[in-house]
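The basis for the numbers below is simple: all heavy atoms, side chains too, and nothing from hydrogens, waters or symmetry mates. Just so you know, ligand 1 is whichever comes first in the structure, and atom 1 is the first atom listed for that ligand. Bear in mind that the values here come from a model prediction, so they are computed numbers and not experimental data.
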Amino acid sequence: MSGVNFLSLVEAKRQGRTLDPLQIQEFIGAFTSGEIPDYQMAAMLMAVFFRGLDTAETSALTLAMRDSGDRLEFPADSRPLVDKHSTGGIGDKVSLPLVPLLACLGFRVPMIAGRGLGITGGTLDKLDSIPGFQTRLSKQAIVAQVQKTGCVICGQTEHMVPADGKLYALRDATGTVPSIPLITASILSKKLAENLDALVLDVKFGSAAFMPTRAEARRLARAMVALGSRCGVNTRAILTDMNLPLGRAAGNWLEVRESVDCLENRGPSDLRGLVVECAAHLLIQTRKSKSIALARQTAAASLDSGRPRQKWDEMLVAQGADLPAFNSKLDADSTAAVVHTVKAGKKGCITACDARIIGEVIRDLGGGRMTRDSAINGEVGIDQIVRPGEFVEKGSVLCRVHAAGSPQADAAVERLESAFGISTRPGPKVERILKTVFR
Ligand code: URA
């Protein structure tokens, strides 16, 4: 397809007309091979942002993006292929304990994860804080590790879903990221390239999520569940609150450490709850459990057994981690240059802990990236975060800041004071998991 022909499609979408699936397939192929220039695709993205795509168009876009590169091919095996995807949030480290747990529950997990941008953390950035751990694997190495160990967490190979890499960079630069059909196609094209049997999606809403309201998160969840199922992957979504951070730690290394705590059964209850919930749904989706109550019990018992903790080490070694260096890093109270504390100005009950402020502070400490190419500091972050419903005395710790230097830590402490609400009266209880979207 030439730029001239593509122009007529841009005009059609600008006028709100429906595109033919075949035309979508053709222009994604032409864009991936460089025949369509970025400026024309940017115009198409903006037209889609305002006019939307219907189900058939979104499906065609997703499949064309999936087919723009390699797909993972696995040998026949009794272990179902499953994965989980989160739309991203502060302190969201669920994938780290979940993947070895799923391997212990008899699944194969080829998790292709991403990097963080802005305030949302990325699983690959968290894993980069583990000495020696490799996230760049070939397609053959991914398949071999999944067959042997049961799980892998790595980045997309250069040849997987290249259309998404190019489109996402353009969306990022043209203000067209928050579009439900574009997010749906971007996420699902990558997950469909893994050739999964079942997928669970954690769709977040709130101050620190892509989707600020519950209603928008539900619309995105429904679109992804419908399309995933249409494409032959048993897909479910859970809607979860991202007004406050998940767990008590946020920042790359601090989140790895909290994930290990979760695998050792001494992590925060909200993290464990979400890990168990994702695993339980996948047990139901693959007919390994008959009821959600039973599935939750099975997942919790496996976590308690300590086997997922051993599987975690096995995965680390398989991906080149230096286990002695990792263990001595775990023993250190902090790996950042300085640790400062944020203290309560008065006695009372915690009523708020704003995930957005916490995310912005971590990004500005160097723990997140402003642009795709910025380097990040894996050791900075915030831990010992108090949670709504907890009581504090005047002067007690609200959280700790791990920073590269005292000026940065002092600036962070000052900003974090406004993240917490303290009241003499207890605040409302926060329900982390709100609803499951089945279809
Ligand atoms: N994550 C993705 O991979 N793509 C999007 O469009 C949004 C979040």
Looking only at protein heavy atoms, which one is nearest to [atom], and how far off is it?
{"atom": "atom 3 (O) of ligand 1", "answer": "Lys190 NZ, 2.4 Å"}
{"atom": "atom 8 (C) of ligand 1", "answer": "Phe210 CE1, 3.4 Å"}
{"atom": "atom 1 (N) of ligand 1", "answer": "Ile187 CG1, 3.8 Å"}
{"atom": "atom 4 (N) of ligand 1", "answer": "Ser186 OG, 2.6 Å"}

For this session: Could you tell me if any non-hydrogen atom of Val177 lies under 4.0 Å from any atom of ligand 1?
Result: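 It does not; every heavy atom stays at 4.0 Å or beyond.
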
Exercise. Does Thr87 have a heavy atom less than 4.0 Å from any atom of ligand 1?
Worked result: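 It does not, in that no heavy atom of Thr87 comes within the 4.0 Å cut-off of ligand 1.
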
Exercise. Among Ile284, Leu282, Leu199, which one satisfies side chain to side chain contact (heavy atoms under 4.5 Å, CB included) with Arg236?
Worked result: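 Exactly one option meets the side chain to side chain contact (heavy atoms under 4.5 Å, CB included) with Arg236, and it is Ile284.
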
Exercise. In this structure, which one of Arg309, Lys93, Arg266, Arg248 forms a salt bridge (Lys or Arg N to Asp or Glu O under 4.0 Å) with Asp261?
Worked result: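 Output: one option passes, namely Arg266.
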
Problem set entry | Check: Met160 main-chain N/O paired with Asp70 side-chain donor or acceptor under 3.5 Å |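 A pair under 3.5 Å: no.
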
Exercise. Are the side chain of Gln134 and the backbone of Gly132 linked by a donor-acceptor contact shorter than 3.5 Å?
Worked result: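 Yes; judged by distance alone, with no hydrogens or angles, the pair exists.
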
Problem set entry | Phe326 and Trp253 aromatic ring geometry - parallel, tilted or perpendicular at 30°/60° bounds |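 Perpendicular, since the angle between the ring planes exceeds 60°.
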
Exercise. Should Arg356 and Asp354 be marked as a salt bridge (charged side-chain N to carboxylate O under 4.0 Å, His left out) after you check the CA-CA gap, both sets of side-chain angles, and the distance that decides it?
Worked result: CA-CA 5 Å; Arg356 172 155 285 276; Asp354 191 328; over 6 Å; no

Exercise. Considering distance alone, does some N or O of His85 sit under 3.5 Å from an N or O of ligand 1?
Worked result: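 By distance alone, the answer is no.
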
